[in-house]
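Written below as structure tokens is the structure these notes are about.
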Amino acid sequence: MEMFNMSPIGHIKSVFRTKNGTPRQSGICSNARATLRLNKTVFNNPCHALENLAEYSHVWILWIFHQNSADSVKAKVSPPRLGGKKVGIFSSRSPHRPNPIGLTLARVEKVVDDTLYLLGVDMIDGTPVLDIKPYIPLYDGPSELDHEEVESFDRQSDRTDLMCTNETEMGSAGLTDNSHRDRDKHEQSQRYEQECFGAQSKQIQKDEKKNVLLTKKIDQSTCLKESVKDVINEKGDTNSVPEYLKKNFDSMTKLKKSTEETFAPDWIGAEEDDLHVGFSSRSMEDLDSLDLSSLSLIKDRNELETSIREVLASDPRSVYRKNRCTDRLYYTSIENVHVTAWFDPRYDLMEVLALKLE
């Protein structure tokens with residue numbers, strides 16, 4: 001069998017100390033902080049490898065499920081939210097995979113020297129990381145937008161000043177003749193930017209044109225729709241609509257439709273499966289009295305409370321715990337804060353009973 005040897009580029013320092021209670025997906029706990037310091041055994045100058053990464057809002061992290069204990073993997077698994085129903089391993093996010101590789105989309109908080117600071121993670125402390133890749137909305141968001149459409153849109157962008165004008169302005173633009181072709185292209189582009197995207201669009205297009213193109217085209221569809229409708233109302237037929245306006249409108253309609261075609265099973269992220277979270281009077285006293293000065297990843301009391309609520313609301317219990325341990329306490333940790341909770345099935349409530357520093 002073909003084999004590949006890989007070495008971690010660094011290890012995660014995370015607010016989650018154990019598997020129990022760690023979110024199953026990134027983004028569930030928005031304040032879940034982590035840091036990744038690159039190993040000097042990989043690069044002589046680790047900080048050079050992270051240069052320019054702060055220019056991206058998010059990154060993909062590839063990592064290893066290093067605490068998996070199973071010697072074998074199964075072709076079908078039971079996701080906790082399906083209550084025992086099985087699905088194929090590759091249609092799930094189960095950690096028990098033929099190659100135990102995890103994938104996390106995390107927000108970049110900052111980059112300092114050889115260390116990457118992350119938010120919204122789902123990795124436990126000590127997780128070995130294989131790779132970091134920037135998240136690029138233009139390419140990582142599913143759509144049918146191809147490079148020819150991108151180039152076509154770029155070439156026509158200086159001719160789209162009519163898209164957000166009102167009926168009177170359209171008439172003065174000379175749609176019945178060719179006078180609009182004689183306008184100064186720079187002036188058209190400036191006016192279009194101001195009317196459709198606001199004062200900041202020019203700088204955005206200059207610095208991040210490729211990255212914002214998909215979102216920009218979708219936003220423009222509303223302006224285009226109104227412009228086409230105005231021309232038809234004024235002239236009485238679709239033949240009065242300029243060809244480039246039709247082309248952009250059809251392209252954006254197709255683009256909007258294609259983005260709506262992404263889908264997943266209904267049970268993924270179903271709100272009815274989320275739990276209510278409450279704090280007992282004792283746990284609130286604990287929360288108010290905890291000395292958080294020893295924590296490095298949790299910033300303050302409110303952030304700790306929010307993190308606990310978000311983790312428990314997603315129901316981190318396994319299928320076994322849901323079915324066999326409903327009357328038992330549930331324990332987890334947020335950085336060095338030990339959390340004791342209890343599930344009340346009468347109200348779909350996870351109640352926090354006590355908090356303490358470990």
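Each residue takes its place number in the sequence, starting with 1. Only heavy atoms go into these numbers, but all of them, side chains included; no hydrogens, no water, no symmetry mates.
- A donor-acceptor pair under 3.5 Å is formed between the side chain of N68 and the backbone N or O of P95.
- Contact of the E303 side chain with the T306 side chain is not registered, since no non-hydrogen atoms from C-beta on lie closer than 4.5 Å.
- When the side chains of ILVMFWY residues are joined at heavy-atom separations under 4.5 Å, either directly or via intervening members, Y139 and L53 end up in a single hydrophobic cluster.
- Between E305 and F279 there is a side-chain heavy-atom pair separated by less than 4.5 Å.
- Under a 3.5 Å cut-off, the side chain of T35 and the backbone N or O of L116 do not form any donor-acceptor pair.
- With hydrogens and angles ignored, the 3.5 Å screen pairs a side-chain donor or acceptor of D344 with a backbone N or O of R346.
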Given side chain to side chain contact (heavy atoms under 4.5 Å, CB included), test D122 with I28 step by step and report yes or no. CA-CA 8 Å; D122 56 352; I28 286 178; over 6 Å; no
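- Here the closest non-hydrogen pair linking P46 and N39 is CG-O, 4.2 Å.
- In this structure, T104 contributes its side chain and A106 its backbone to no donor-acceptor pair below 3.5 Å.
- Under 3.5 Å, the side chains of N20 and T18 contain no donor-acceptor pair of N or O atoms.
- For the atom pair OG1 of T127 and CD1 of I64, the computed distance is 10.0 Å after rounding to the nearest 0.5 Å.
- Here the side chain of R107 pairs no donor or acceptor atom with the backbone of G120 at under 3.5 angstrom.
- Here the closest non-hydrogen pair linking R317 and P80 is O-CB, 3.8 Å.
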Using side chain to side chain contact (heavy atoms under 4.5 Å, CB included), reason through Y56 and I136 one step at a time and then give a plain yes or no. CA-CA 8 Å; Y56 297 88; I136 304 176; 4.1 Å; yes
Start with the C-alpha distance between V77 and H96, add both sets of side-chain angles, then the distance that settles side chain to side chain contact (heavy atoms under 4.5 Å, CB included), and finish with yes or no. CA-CA 9 Å; V77 296; H96 305 291; 5.7 Å; no
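- Contact annotation: the side chain of L62 never approaches that of V129 to less than 4.5 Å [non-hydrogen atoms, C-beta and beyond].
- Judged by distance alone, with hydrogens and angles left aside, the side-chain atoms of Y330 form a donor-acceptor pair with the main-chain N or O of G21 at under 3.5 Å.
- Of all heavy-atom pairs spanning A34 and S14, the tightest one is CB-CA, 4.1 Å.
- Side chain of S283 to main chain of V352: a donor-acceptor pair is present (N/O by atom type, distance under 3.5 Å, no hydrogens or angles).
- In the hydrophobic clustering of this structure, Y347 does not group with L353; members are Ile, Leu, Val, Met, Phe, Trp, Tyr whose side-chain heavy atoms approach within less than 4.5 Å, directly or through other members.
- A 4.5 Å side-chain heavy-atom check between I132 and L38 finds at least one atom pair inside the cut-off.
- V59 and L138 end up in the same hydrophobic cluster when Ile, Leu, Val, Met, Phe, Trp and Tyr side chains are linked at under 4.5 Å.
- Taking the side chain as every heavy atom from C-beta outward, I12 and V121 never approach each other to under 4.5 Å.
- For NZ of K86, the number of neighbouring non-hydrogen atoms (other residues, nucleotides, ligands) closer than 6.0 Å is 12 at most.
- No more than 12 heavy atoms of other residues, nucleotides or ligands sit less than 6.0 Å from atom CZ of R37.
- Within the 4.5 Å cutoff, the side chain of S94 has heavy atoms near those of the I89 side chain.
- S296 OG to N336 CG: the interatomic distance, rounded to the nearest 0.5 Å, is 8.0 Å.
- For the pair D288 and R301, the salt-bridge criterion is met [side-chain N within less than 4.0 Å of a carboxylate O].
- Counting all heavy atoms, side chain and backbone alike, A341 lies closest to L312 at CB-CD1, 4.2 Å.
- Considering CZ of F43 and CG of D114, their distance stands at 11.5 Å, rounded to 0.5 Å.
- Note that NZ of K85 and NZ of K76 are 9.0 Å apart. Values are rounded to the nearest 0.5 Å.
- Heavy-atom neighbours of R93 CZ from other residues, nucleotides or ligands within 6.0 Å: at or below the threshold of 12.
- Atom OG in S26 sits 7.5 Å away from atom CH2 in W60 (nearest 0.5 Å).
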Would L357 and L290 count as a side chain to side chain contact (heavy atoms under 4.5 Å, CB included) here? Give the steps. CA-CA 7 Å; L357 288 175; L290 286 176; 3.9 Å; yes
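- Judged by the 6.0 Å distance and 45° axis criteria, R97 is not positioned over the aromatic ring of F65.
- The shortest non-hydrogen separation linking W63 to L103 is NE1-N, 3.6 Å.
- No more than 12 heavy atoms of other residues, nucleotides or ligands lie within 6.0 Å of CG in D266, so this atom counts as exposed by the packing criterion.
- Between the side chain of R33 and the main chain of I298, no donor-acceptor pair closer than 3.5 Å is present.
- Using a 4.5 Å heavy-atom threshold, the side chains of V337 and L295 count as touching.
- Note on R17 versus E358: no salt bridge recorded, every NZ/NE/NH1/NH2 to OD/OE distance being 4.0 Å or above.
- Linking Ile, Leu, Val, Met, Phe, Trp and Tyr whenever their side-chain heavy atoms come within less than 4.5 Å leaves F263 and F90 in two separate clusters.
- Note on L329: it does not cluster hydrophobically with V339, by side-chain heavy-atom contacts below 4.5 Å among ILVMFWY residues.
- Here T332 contributes atom OG1 and I308 contributes atom CD1; the two are 9.0 Å apart, rounded to the nearest 0.5 Å.
- Of all non-hydrogen atoms in V311 and S314, the two that sit nearest each other are O-OG, 2.8 Å.
- Taking the six-membered ring where the residue is Trp, H58 and Y135 present perpendicular rings, their angle passing 60° and hence far from 30°.
- In this structure, the side chain of N99 does not engage the main chain of I101 through any donor-acceptor pair within 3.5 Å.
- In this structure, a donor-acceptor pair under 3.5 Å is absent between the side chains of N31 and S307.
- D315 is listed as a side-chain neighbour of K322, based on a closest heavy-atom distance under 4.5 Å.
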